[in-house]
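Down below is the structure, laid out as structure tokens.
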Number of protein chains: 2
Amino acid sequence: MDKGRALIEPQAPVEPDDYADHRLTEVIELFFFAYRDFTSDPDEILEKYEFGRAHGRVMHFVGRNPGISVAELLNILRITKQSLARVLRELIERGFVRQEEGPRDRRQRLLFLSQAGIELVRKVDVPQRARVRRALEAAGPEARELWPGMLLGIVNPEDRAAVSALVSKPRVVGEDR
Amino acid sequence: MDKGRALIEPQAPVEPDDYADHRLTEVIELFFFAYRDFTSDPDEILEKYEFGRAHGRVMHFVGRNPGISVAELLNILRITKQSLARVLRELIERGFVRQEEGPRDRRQRLLFLSQAGIELVRKVDVPQRARVRRALEAAGPEARELWPGMLLGIVNPEDRAAVSALVSKPRVVGEDR
DNA sequence: AAATTTATGTCAGCCATGTTGACATAAATT
DNA sequence: AATTTATGTCAACATGGCTGACATAAATTT
């Protein structure tokens, strides 16, 4: 029903200003649609375990940062400790996450994935990674190098250094590949 | 505390497979962080009006597609009509959205932004557009052309045509620029 | 040693936004 | 005249956020 113009190469170039302006709208809307589908893969799998998106996020970041403290995890997720406590309790009770007393600071409860947790994270990652892989391949080699910088450009400037350090850590969960 | 490797240009190239594999993880995590900050701009402004993110989304897409039917809007948002009804009722009661009987099909309730709605959408858009503009500029001209295709590659294949048509429609809300 | 700060946990209640299921109405279509 | 479609509505429930108040143990400061 909606004809619209071609997405990648607009047929009739409009004025430069309008063009740049419209490109912003395009990216904003695509961001919404992309994220909507991007999150659907994990959701489906977690549902089978009676877990939600929040559980998936916690497991992901614990898996990527074994021994992370609760405070550090809170800083990544940007939620309150009360919100985290709920999902964390369930993950621990059901044996997907394990806590250890901090060796230096015994107040800390360092977080680790159990074997079950590692396996679930892997399972959740499969379709999501496949989705991103397809998008990277379709976009071509130049795009592959540009993706991370572009996404990082959306992040708040004051958080970029921390985010950059975090995402560039080598993979830990799934020592295989 | 976290050193990590440089994000954009890894210092020591690792094995090709590992590299590609890690790039996927990187993009997945960056997508989370980017979306987290991306949505924070609208949230702050809508809060002042005692509206939520859901109201913002409805106003955005109604503004972009004046005269859209409820069914079409539901198909964009992918939520249930009961969920939509709640926010839509508030938006209509408070005079940000207006309904008109469909001229051909009198069962339809076509949706339009009121003047107040147009103004609020513009207000909400300002920081979000600025954020994306900065990211586009920082990423360089090649990236600017690659963004939309890359994001579209994340969308479910069967929805791409519809999404593409939708986002490439010329701007309507904010006839100015 | 005592006082304070920090890391974490917990209880209780609230809010926004999603869900399902059932039913209602008017208009369009068969 | 019967059926389908577009929309709305009621009710109940789930998830994942939030605030505020308070508790405990360990580390740090005075």
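Protein chains get the first letters and strands the later ones, always in sequence-line order, with residue 1 at the start of each.
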Next on the checklist: Is the phosphate of D/dC18 approached by A/T80 (side-chain N or O, under 4.0 Å from OP1 or OP2)?
Outcome noted: yes
Checklist entry - Below 4.0 angstrom from OP1 or OP2 of D/dG16, is there any side-chain N or O of A/S83? => result no
Checklist entry - In chain order, what residues pass the salt bridge (charged side-chain N to carboxylate O under 4.0 Å, His left out) check against A/R109, with sequence neighbours excluded? => result none
Checklist outcome for this item: Contacts of A/R144 meeting salt bridge (charged side-chain N to carboxylate O under 4.0 Å, His left out) (sequence neighbours excluded), chain-then-number -> none
Checklist outcome for this item: Contacts of B/F51 meeting ring-ring contact (aromatic ring centres under 6.0 Å, His included) (sequence neighbours excluded), chain-then-number -> B/H55, B/F96
Checklist entry - B/F61: what forms a ring-ring contact (aromatic ring centres under 6.0 Å, His included) with it, not counting sequence neighbours? => result A/F32, A/F33
Could you go through nucleotides 21-26 of chain D and list every protein N or O atom that sits under 3.5 Å from one of its N or O atoms, giving the distance for each pair?
from: D/dA26; atom 1: OP1; to: A/R106; atom 2: NH2; distance (Å): 3.0

Next on the checklist: By the salt bridge (Lys or Arg N to Asp or Glu O under 4.0 Å) test, which pairs, at least two apart or in different chains, include something from residues 77-97 of chain B?
Outcome noted: B/R78-B/D159
Checklist entry - Should B/H55 be listed as having a side-chain N or O under 4.0 Å from OP1 or OP2 of C/dA16? => result no
Checklist entry - Does A/R86 make a side-chain donor-acceptor contact with the base of D/dG17, cut-off 3.5 Å? => result yes
Checklist entry - Quick one: salt bridge (Lys or Arg N to Asp or Glu O under 4.0 Å) pairs with a partner in residues 53-63 of chain A, sequence neighbours left out? => result A/D43-A/R53
Checklist outcome for this item: The correct set of residues in residues 37-49 of chain A placing a heavy atom under 4.0 Å from DNA chain C is none
Item to check | Hphob cluster co-occupancy, B/I76 + B/V155, side-chain heavy atoms under 4.5 angstrom | outcome: yes
Item to check | Pair A/R36-B/N156, side-chain donor/acceptor within less than 3.5 Å | outcome: no
Checklist outcome for this item: The salt bridge (charged side-chain N to carboxylate O under 4.0 Å, His left out) partners of A/R107 (sequence neighbours excluded) come to A/D105
Item to check | Bracket notation of DNA chain C in which parentheses pair within the strand, [ ] cross earlier pairs, and | pairs with another strand (Watson-Crick or G-U, under 3.5 Å) | outcome: ||||||||||||||||||||||||||||||
Item to check | With A/E29 via salt bridge (charged side-chain N to carboxylate O under 4.0 Å, His left out) - residues at least two apart | outcome: B/R64
Checklist entry - OP1 or OP2 of C/dG18 less than 4.0 angstrom from a side-chain nitrogen or oxygen of B/R57, does that happen here? => result yes
Checklist entry - Can you list the other members of the hydrophobic cluster that holds A/V126, where links are side-chain heavy atoms under 4.5 angstrom apart? => result none
